[in-house]
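Structure, as structure tokens:
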Amino acid sequence: MEISVKYFASLREIMGTAAITLEVEESTSVDSLWQKLASNSQVELDNVMMTVNHEYVKAGHRLEAGDEVAFFPPVTGG
């Protein structure tokens, strides 16, 4: 199934792109997608924020065809 992936802030620079379209297996979780993408690019962040179709989701959220997934780096403030 096809999904789109967007990267924001420093992840955009680390991943070398702002957006991609991917084919993933049915029942892929958003976390397993992130683990695969991160391992392919040697990203060392394991606490990214994830949204699917503009809503924050938990790591186990299962993706569906046509979903838009977005990854955000950890945010700190002060």
Side-chain angles (χ1 to χ4, degrees):
M1 67 183 181
E2 187 173 276
I3 61 164
S4 59
V5 178
K6 294 185 176 184
Y7 302 106
F8 289 88
S10 61
L11 283 178
R12 185 178 320 148
E13 295 172 26
I14 293 168
M15 301 303 272
T17 187
I20 57 173
T21 301
L22 293 174
E23 286 287 328
V24 296
E25 294 182 21
E26 300 269 340
S27 298
T28 297
S29 72
V30 70
D31 185 59
S32 64
L33 173 64
W34 172 247
Q35 295 304 320
K36 179 180 177 181
L37 294 170
S39 68
N40 288 343
S41 64
Q42 304 302 314
V43 175
E44 295 184 19
L45 299 175
D46 59 357
N47 55 343
V48 297
M49 296 186 304
M50 305 169 223
T51 66
V52 175
N53 301 325
H54 306 278
E55 294 185 24
Y56 288 100
V57 296
K58 296 188 185 250
H61 180 89
R62 299 288 174 194
L63 298 172
E64 297 179 12
D67 279 349
E68 178 187 271
V69 181
F71 295 106
F72 302 83
V75 178
T76 60

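Quick note: numbers below take in every heavy atom, side chains included, and nothing from hydrogens, waters or symmetry partners.
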### Message
Are the side chains of Phe72 and Thr51 in contact, using a 4.5 Å heavy-atom criterion?
### Response
yes
### Query
Shortest non-hydrogen contact from Ser32 to Thr28?
OG-CG2, 3.4 Å
### Query
Taking everything shown except Glu25 itself, do over 12 heavy atoms lie less than 6.0 Å from its CD?
no
### Task
Check ring pair (Phe, Tyr, Trp, His ring centres under 6.0 Å) between Tyr7 and all other residues, then give those that pass, not counting sequence neighbours.
none
### Summary
Residues Pro74 and Asn47: closest non-hydrogen pair is CG-OD1, 3.1 Å
## Note on the structure
Residues pairing under salt bridge (charged side-chain N to carboxylate O under 4.0 Å, His left out) where one sits in residues 58-73, two or more places apart or in two chains, turn out to be Lys6-Glu68
## Note on the structure
The ring pair (Phe, Tyr, Trp, His ring centres under 6.0 Å) partners of Tyr56 (sequence neighbours excluded) come to none
### Query
CD1/Ile14 to CZ/Phe71 distance, rounded to the nearest 0.5 angstrom?
13.5 Å
### Task
Provide the closest heavy-atom pair for Phe8 versus Ala70 in the form atom of the first, atom of the second, distance.
CE1-CB, 3.7 Å
### Query
Do you know the tightest heavy-atom contact between Met1 and Ala65?
SD-N, 3.4 Å
### Summary
Shortest non-hydrogen pair, Ser29 vs Gly60, comes out as CB-O, 3.9 Å
### Message
With a 4.5 Å cut-off on side-chain heavy atoms, are Leu22 and Leu37 touching?
### Response
yes
### Task
Would you give the length of the straight line joining atom NE2 of His61 to atom CG of Leu63, rounded to the nearest 0.5 angstrom?
6.0 Å
#### Entry: Distance (rounded to the nearest 0.5 Å) between Leu33 CG and Met50 CE
9.5 Å
### Message
Around atom CD of Glu23, are there more than 12 heavy atoms from other residues, nucleotides or ligands closer than 6.0 Å?
### Response
yes
